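To start, the structure itself, in structure tokens.
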Amino acid sequence: MIFSASILQYFYMCKSRGDTMAIDPKPRQSTTKIPDSPTSISASPAILTTDTTTIRDSSKATTTTSSSGHSSLFSLRESLSESPNIYTVAEISAATNAFLSKPISPSSSSPAWRCTLRGRDAVVHRRSFRHHSDAVRLHDRFASVSRGHHVSLVRLLGVASAAAGDNLYVVYEHVPGATLAECLRNPRNPEFTVLPTWLSRMRVAADLAQGLEYIHHYAAAAGPADRPPAPLVHNLLDSSSVIVTEGTFNAKICHFGASVLTGDIPEEDEYDSDPIESTDSSPKLRRSDSRAMKIQGTRGYMAPEVLKSGSAISQKSDVFALGVVLLELLSGEEPLMYRFETETKQYEMVSLIERARGIMELTVEIERQGNLRRWIDGRLRDSFPVEVAEGMARVAVECVRAEAERRPSMKRVAGKVSKLYLQSTAWAEQMGSPAEFSVSLAPR
């Protein structure tokens, strides 16, 4: 597939569907050499030498690590199944031309560079620690997210931590494609979309639902031995953190594990011992700890409880963000827009959530479906199964309920979306292939 150069400059990694499996650590032999790694690891005695730190380990059962996360990450290699890369900051610096290469991410708080690391096309994100903890906790965080693999997630290749401990460099595979936001809204050609058919959008929806279901229910974070695993939360989901892949037009979720590694998601002992009752096991921060947390998110995707107190980051807030993305897929619109009203001569904010709720609350079926058809993205050319579209809108509205406890779990959401995707596939086969299906991500 050929992409135009003007569009490629907007593509950047941040991430169709299939069976998944979390891989458990396997025992290592007495001596292991990591391919293309500057460090060899021996079981007894072990000497790990980095650019800044040397760690010595005796043959005793207890392992001594340094107090920095940088050293702790290196000591993790033996315990993980596929030996995720523990890069040095020197490697990252060399690959990014001492960080002078032009970042592919416009964010000043989390810049990203595309580069080649150990022979692989990768994207490096520099993120700041928002909630500091000791090296053991960083060790456990990385151990948990490194075991997570799913076809709808951009793969985490490894990390590097500065000796000072202020920044963490998170390395992901580079996935050719464009962000979902770019696919839905091209500023130079508003009439163009990479996803011009109903089935293409349902495919993206199913990929996202299954990927987030995996994060919530199958990629449980490692925790203390005397406690059950803490559930994982993504916390950065929006249409700009989803990649629509080149060629297959599937969706991959970016930044898996980034919030966990940098401390956006608090540790187990920072959760309330008696959390608010919910339909899932998502923990909630104690209100007394909320001031210490710096909540990160995108306006329009953050759940009301997070905006209100910053103390309710949970799987339910992830479900809310997914619901907003599903509404974007249906309408093609941004979550929040400002429109100029000629009568009042002022700009008024239009909420995508409120518009969708208003439509789904209509009790007369003909009126509800008529409004729904007018609301759904006109670039689909009114070619979609109305009953399935109404079902998708209903699922999305359930996800963005104001009360967190009333939102469904991701298992329920993924099951409903998968069923609607199958119904859409049957509808598309019955209708035949569309005559003007676009296979290019470039604007017309």
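Keep in mind that this is a model prediction, so the values were computed, not measured.
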Does the pair R406 and E398 meet the rule for a salt bridge (charged side-chain N to carboxylate O under 4.0 Å, His left out), with working shown? CA-CA 8 Å; R406 295 186 59 209; E398 288 177 359; over 6 Å; no
Less than 4.5 Å apart, any side-chain heavy atom of [X] and any of [Y]?
| X | Y | answer |
| --- | --- | --- |
| L199 | R201 | no |
| Y87 | R118 | yes |
| N250 | V244 | no |
| K411 | H216 | no |
| E354 | R357 | yes |
| L208 | V325 | yes |
| D377 | L330 | no |
| V417 | V413 | yes |

Test salt bridge (charged side-chain N to carboxylate O under 4.0 Å, His left out) applied to R185 and E333, step by step: CA-CA 8 Å; R185 296 177 290 274; E333 298 178 351; over 6 Å; no
Would L212 and L237 count as a side chain to side chain contact (heavy atoms under 4.5 Å, CB included) if you check the C-alpha gap in whole Å, the side-chain angles of each, and the deciding distance to 0.1 Å? CA-CA 9 Å; L212 194 57; L237 185 64; 4.0 Å; yes
I'd like to know if [X] and [Y] make a salt bridge, using a cut-off of under 4.0 Å between side-chain N and carboxylate O.
| X | Y | answer |
| --- | --- | --- |
| E305 | K316 | no |
| D121 | R114 | yes |
| E390 | R394 | yes |

Could you check whether Q210 and S152, counting side-chain N and O atoms only, form a donor-acceptor pair closer than 3.5 Å? no
Identified side chain to side chain contact (heavy atoms under 4.5 Å, CB included) partner of L232 from the options F256, Y214, Y218: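 Going through F256, Y214, Y218 one by one, the side chain to side chain contact (heavy atoms under 4.5 Å, CB included) with L232 is satisfied by F256 alone.
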Going by side chain to side chain contact (heavy atoms under 4.5 Å, CB included), V233 matches just one of I215, V260, D318. Which one?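 Exactly one option meets the side chain to side chain contact (heavy atoms under 4.5 Å, CB included) with V233, and it is D318.
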For H125 and Y172, take the angle between the two ring planes, folded into 0 to 90°, and tell me which bin it lands in: parallel under 30, tilted 30 to 60, perpendicular over 60. perpendicular
Check the pair L156 / V171 against side chain to side chain contact (heavy atoms under 4.5 Å, CB included), numbers first and verdict last. CA-CA 6 Å; L156 175 67; V171 184; 5.8 Å; no
When you measure from the side chain of [X] to the backbone N and O of [Y], does any donor-acceptor pair fall under 3.5 Å?
| X | Y | value |
| --- | --- | --- |
| K252 | V175 | no |
| E429 | A426 | no |
| W113 | V123 | no |
| S241 | L236 | yes |
| S93 | F99 | no |
| N186 | N189 | yes |
| T197 | S200 | yes |
| E213 | M410 | no |
| S418 | G415 | no |
| T116 | G119 | no |

Supply the atom-to-atom distance [X] [atom1] to [Y] [atom2], rounded to the nearest 0.5 angstrom.
| X | Y | atom1 | atom2 | answer |
| --- | --- | --- | --- | --- |
| C115 | R120 | SG | CZ | 12.5 Å |
| L322 | Q315 | CG | CD | 12.5 Å |
| S259 | R127 | OG | CZ | 5.5 Å |
| L168 | T262 | CG | OG1 | 7.5 Å |
| R299 | D238 | CZ | CG | 14.0 Å |
| S146 | L261 | OG | CG | 7.5 Å |

Evaluate side chain to side chain contact (heavy atoms under 4.5 Å, CB included) for V194 paired with F249, printing each intermediate quantity in order. CA-CA 9 Å; V194 172; F249 292 86; 3.0 Å; yes
Ring centroids only, cut at 6.0 angstrom: are H234 and H255 within range, meaning strictly under it? no
Give the intermediate values and the outcome of side chain to side chain contact (heavy atoms under 4.5 Å, CB included) for residues L180 and L329. CA-CA 9 Å; L180 179 59; L329 280 169; 3.9 Å; yes
Shortest non-hydrogen contact from P111 to P103?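 Smallest heavy-atom distance, with atoms named: CB-CB, 4.5 Å.
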